[in-house]
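For reference, the structure is listed below as structure tokens.
Keep in mind that what you see is a predicted model, and the values were worked out from it rather than measured. Side-chain atoms are counted along with the backbone in the values below, which use heavy atoms only and exclude waters and symmetry mates.
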Amino acid sequence: MNDLYVIYQKLDANSCEEVKNDILKAQIDGCTRGGIYFLVLQQLLHIKREKAPVYELIKVEVESFIHYSSRPQQLSA
């Protein structure tokens, strides 16, 4: 979740409050660790597809977060 922390910092530094709030809402709405990850991942993929300028700010962290999904055993730990 370090990537998520860096994402929030970069969004704050670039006045992307709405995007940050969307990700935070997804994080809060998740009931389990895997659920939180899935909802946040959905939001990050939406940013990647729909908000290219914002995605470019957080690209490294988003890709790291996405890569994490290739290790599902981590999600249930």
*asked:* Please tell me whether Leu39 and Ile66 are part of a single hydrophobic cluster in this structure, the criterion being side-chain heavy atoms less than 4.5 Å apart.
replied: no
List the atom pairs, with distances to 0.1 Å, where a side-chain N or O of residues 6-22 and a protein N or O form a donor-acceptor pair under 3.5 Å, not counting sequence neighbours.
unit_1	atom_1	unit_2	atom_2	d
Tyr8	OH	Gln27	OE1	2.6
Gln9	NE2	Tyr5	OH	3.1
Lys10	NZ	Glu61	OE1	3.1
Lys10	NZ	Glu61	OE2	3.0
Asp12	OD1	Lys20	NZ	3.1
Asp12	OD2	Lys20	NZ	3.0
Asn14	ND2	Lys10	O	2.8
Asn21	ND2	Glu17	O	3.3

*asked:* Using every non-hydrogen atom in the two residues, find where Phe65 and Asp3 come nearest and quote the distance to one decimal.
replied: N-OD2, 3.9 Å
_With a 4.5 Å cut-off on side-chain heavy atoms, are Ile23 and Leu44 touching?_
yes
Atom pairs and distances, side-chain donor-acceptor, residues 47-59, under 3.5 Å, sequence neighbours left out:
unit_1	atom_1	unit_2	atom_2	d
Lys48	NZ	Glu63	OE2	2.9
Tyr55	OH	Glu63	OE2	2.4

